[in-house]
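Structure first, then comments.
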Amino acid sequence: MKDLQDIRQDIDKIDKKIVDLYKERMQLTSEVASYKIATGKQVLDRERELSKLTFLETLADSDFTKHGVRELFEQIMSTSRKKQYQLLTACGKIEDLGFTEIPSLQMDGIRVVYQGVEGAYAHLALASYFGEETECFNVDTWRDAMEAIKGGKADYAVLPFENSSAGIVAENYDLLKEYGFYIVGEQKIKINHCVLGLPGVNFDDIKKIYSHPQALAQCSKFLEKHREWEIIPAKNTAMAAKKVEEDADPTQAAIASSLTADIYGLDMLAEGVQNNSMNETRFIIVSRKNEYVSGAGKISICVQLKHESGALYHALSHFIYNGLNMTSIESRPIQGRNWEYQFFIDFDGNLKDAAVQNALRGLKEETLDLKIFGNY
């Protein structure tokens with residue numbers, strides 16, 4: 001039996017040969033890229049790659065080795081494409097991503113829409129982002145807010161997108177894709193849920209509690225202690241508070257912000273009842289204009305992948321290879337196609353960055369669909 005150190009030395013010699021051959025192959029990749037730049041030919045030639053992989057498998061002597069050879073050369077081909085994307089960008093072959101860079105968002109003479117009523121967290125996010133004097137109006141549903149933008153009644157909409165405790169607001173992910181609008185900004189609001197009741201009411205009087213399903217989920221531990229209460233979903237936390245005021249029923253209470261207590265004349269029976277004291281909701285600023293502000297540092301996209309093994313892995317490799325920090329990934333079902341999904345991804349970067357250009361070029365060529373929601 002050979003000594004372990006001798007075996008390792010032999011492996012080192014083989015690895016060096018592999019590296020030298022890899023460098024030689026990547027040099028040929030550069031020549032391929034030059035040809036494709038000159039001729040306008042696409043980088044990805046899937047038919048050629050599949051044919052090559054099938055041939056290479058025939059050179060293996062076992063099923064295990066066939067699988068390993070295929071995986072190895074899939075990676076080599078993947079890095080080869082990424083090198084070609086980089087060379088295309090370096091040669092000035094920059095694709096028009098369809099966005100206009102602007103110095104700042106328009107803030108004067110605008111109308112902003114939000115879902116809910118005065119005092120809703122979306123209303124607070126709107127005031128924090130645009131200022132309290134901004135002309136705004138409210139609608140009943142998130143879809144109504146999208147329709148207001150579509151119809152030109154509003155320049156921007158403020159929509160909840162994600163909560164640090166309860167997760168994503170799935171409906172708004174779907175609406176963003178459906179309407180094809182753009183994210184031009186975001187605003188994070190610290191969530192401080194309170195139990196609000198009519199003046200003079202105490203906990204023993206409460207039989208029903210109203211709030212938005214997300215807020216109820218964020219206060220699940222508190223509600224577990226009061227199982228005698230009937231929990232009733234509402235369209236919005238502030239709407240729940242407004243209902244308590246309008247019904248004037250001492251057995252009703254709402255989970256909402258402390259601000260709504262002042263607006264609707266309610267007493268705060270308990271404060272900070274959310275599970276997480278650091279609870280935040282991220283609101284997005286939506287526009288029908290495909291613009292981004294100079295210096296923007298976050299990008300949101302949606303990709304639709306082939307329903308095949310390794311599709312997500314290969315898509316995410318574009319972020320790794322280009323050194324991009326992915327901050328979020330969420331999957332949503334594709335309507336009308338059971339068990340197939342699209343992926344919403346946030347990552348750090350600016351549309352003018354070469355690394356971003358490379359990654360987006362690769363994703364555009366290698367996925368079924370790529371939608372850039374915005375740079376903000």
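The backbone N or O of Leu216 sits nowhere less than 3.5 Å from a side-chain atom of Ser220 that would complete a donor-acceptor pair. Within the 3.5 Å criterion, the main-chain N or O of Leu124 finds a donor-acceptor partner in the side chain of Ser128. The backbone N or O of Leu324 sits nowhere less than 3.5 Å from a side-chain atom of Asn322 that would complete a donor-acceptor pair. Checking side-chain atoms of Thr54 against main-chain N and O of Leu50 turns up a donor-acceptor pair under 3.5 Å. A donor-acceptor contact shorter than 3.5 Å links the side chain of Asn290 to the backbone of Gly98. A donor-acceptor pair is defined here as one N or O able to donate and one able to accept, closer than 3.5 Å; such a pair exists between the side chain of Arg111 and the backbone of Lys153. A donor-acceptor pair under 3.5 Å is absent between the side-chain atoms of Asn138 and the main chain of Glu118, judged by distance alone. Using a distance-only test at 3.5 Å, with no hydrogens or angles considered, no donor-acceptor pair links the side chain of Asp174 to the main chain of Glu171. The closest donor-acceptor contact from the side chain of Glu162 to the backbone of Thr281 lies at 3.5 Å or more, if one exists at all. Put simply, the side chain of Asn279 never gets that close to the backbone of Asn276: no donor and acceptor are under 3.5 Å apart.
Annotation for Arg25: atom CZ counts as buried by contact number, over 12 foreign heavy atoms lying within 6.0 Å. Atom NZ of Lys298 is surrounded by more than 12 heavy atoms from other residues, nucleotides or ligands within 6.0 Å. Counted within 6.0 Å of NZ on Lys177, heavy atoms from surrounding residues, nucleotides or ligands total more than 12; the atom is thus considered enclosed. In this structure, Lys83 places its NZ atom where only 12 or fewer heavy-atom neighbours from other residues, nucleotides or ligands lie under 6.0 Å away. Around NZ of Lys36, the count of heavy atoms belonging to other residues, nucleotides or ligands within 6.0 Å exceeds 12. By the 6.0 Å contact criterion, CD on Glu280 is enclosed, its count of non-hydrogen atoms from other residues, nucleotides or ligands being greater than 12. Other residues, nucleotides and ligands contribute more than 12 heavy atoms inside 6.0 Å of the CD atom of Glu246. Heavy-atom contacts from other residues, nucleotides or ligands closer than 6.0 Å to CD of Glu24 number 12 or fewer.
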*Run the side-chain hydrogen bond (donor to acceptor under 3.5 Å, both in side chains) check on Lys82 and Ser317 step by step: do they pass?*
CA-CA 10 Å; Lys82 292 178 177 67; Ser317 70; 2.9 Å; yes
*What do the steps show when you test Asp346 against Ser300 for side-chain hydrogen bond (donor to acceptor under 3.5 Å, both in side chains), and what is the final call?*
CA-CA 4 Å; Asp346 291 347; Ser300 293; 2.6 Å; yes
*Carefully, step by step, assess Leu56 and Val69 under the rule side-chain contact (heavy atoms from CB on, under 4.5 Å).*
CA-CA 7 Å; Leu56 290 168; Val69 165; 4.0 Å; yes
*Could you walk me through whether Thr79 and Tyr22 pass the side-chain contact (heavy atoms from CB on, under 4.5 Å) test, one step at a time?*
CA-CA 11 Å; Thr79 54; Tyr22 179 74; 3.2 Å; yes
*What do the steps show when you test Val158 against Gln115 for side-chain contact (heavy atoms from CB on, under 4.5 Å), and what is the final call?*
CA-CA 8 Å; Val158 178; Gln115 183 269 341; over 6 Å; no
*Any chance you could lay out the salt bridge (Lys or Arg N to Asp or Glu O under 4.0 Å) test for Glu57 and Lys66, step after step, and finish with the verdict?*
CA-CA 5 Å; Glu57 283 182 323; Lys66 281 183 180 180; over 6 Å; no
*Tell me, with the steps shown, if Ser78 and Tyr321 meet side-chain hydrogen bond (donor to acceptor under 3.5 Å, both in side chains).*
CA-CA 10 Å; Ser78 176; Tyr321 193 85; over 6 Å; no
_Determine whether Val244 and Leu266 satisfy the following criterion, side-chain contact (heavy atoms from CB on, under 4.5 Å), listing intermediate values before the conclusion._
CA-CA 8 Å; Val244 171; Leu266 302 176; 4.0 Å; yes
*With side-chain hydrogen bond (donor to acceptor under 3.5 Å, both in side chains) as the test, would you mind laying out the steps for Thr89 and Asn358 before giving the verdict?*
CA-CA 7 Å; Thr89 302; Asn358 295 335; 2.6 Å; yes
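Annotation: the span from Ile263 atom CD1 to Ser257 atom OG amounts to 7.0 Å, rounded to 0.5 Å. From Ile372, atom CD1 reaches atom CD1 of Ile183 across 12.0 Å, with rounding to the nearest 0.5 Å. The OG atom of Ser331 sits 13.0 Å away from atom CD of Glu340, with the distance rounded to the nearest 0.5 Å. Atom OG1 in Thr367 sits 6.0 Å away from atom CG in Leu363 (nearest 0.5 Å). Rounding to the nearest 0.5 Å places OH of Tyr313 at 3.5 Å from CD of Gln75. Atoms NZ and CG, from Lys242 and Leu196 in turn, are 15.5 Å apart once rounded to the nearest 0.5 Å.
By the 4.0 Å N-to-carboxylate-O rule, Asp20 lies close enough to Lys16 to be salt-bridged with it. Using a cutoff of 4.0 Å between basic side-chain nitrogens and carboxylate oxygens, Arg282 and Glu186 are scored as salt-bridged. Between Glu365 and Arg81, no side-chain nitrogen of the basic residue sits less than 4.0 Å from a carboxylate oxygen of the acidic one, so the salt-bridge criterion is not met. Classification of Asp10 and Lys2 as a salt-bridged pair holds, one side-chain N sitting under 4.0 Å from a carboxylate O. Between Lys207 and Glu228 there is no salt bridge, since no side-chain N of the basic residue sits under 4.0 Å from a carboxylate O of the acidic one.
The closest side-chain heavy-atom distance from Asn192 to Gln274 is below 4.5 Å. Proximity of Ile206 to Gln252: side-chain heavy atoms (C-beta onward) are nowhere separated by under 4.5 Å. Side-chain atoms of Ile329 and Leu312, non-hydrogen and from C-beta on, do get closer than 4.5 Å to each other.
Taking each heavy atom of Ala234 and Ala240 in turn, the nearest pair found is CB-CB, 4.0 Å. Nearest approach of Lys306 to Ala311, heavy atoms of both residues: O-CB, 3.3 Å. Here the closest non-hydrogen pair linking Ala145 and Val113 is O-CG1, 3.8 Å. Residue Ile301 comes nearest to Leu360 through the heavy atom pair CG2-CD2, 4.2 Å, listed as atom of the first residue, atom of the second, then distance.
Checked against Tyr156 for a side-chain contact (heavy atoms from CB on, under 4.5 Å), the options Ile284, Val184, Val286 give a single hit: Val184.
Not less than 6.0 angstrom separates the ring centroid of Tyr114 from the ring centroid of Trp142. In this structure, the ring of Phe99 has its center less than 6.0 angstrom from the ring center of Tyr182.
Within the structure, ring pair (Phe, Tyr, Trp, His ring centres under 6.0 Å) pairs that include any residue of residues 37-67 do not occur (at least two apart or interchain). Note on residues 328-350: pairs passing ring pair (Phe, Tyr, Trp, His ring centres under 6.0 Å), not counting sequence neighbours, are Tyr173-Phe344, Phe319-Phe347, Phe344-Phe373.
Ring orientation note: the planes of Tyr121 and His193 are nearly perpendicular, at an angle over 60° on the 30°/60° scale. Between His226 and Trp229, the angle of the ring planes stays under 30°, which puts this pair in the parallel group of the 30/60° scheme.
Side-chain contact, Glu291 with Thr100: no donor N or O sits under 3.5 Å from an acceptor N or O.
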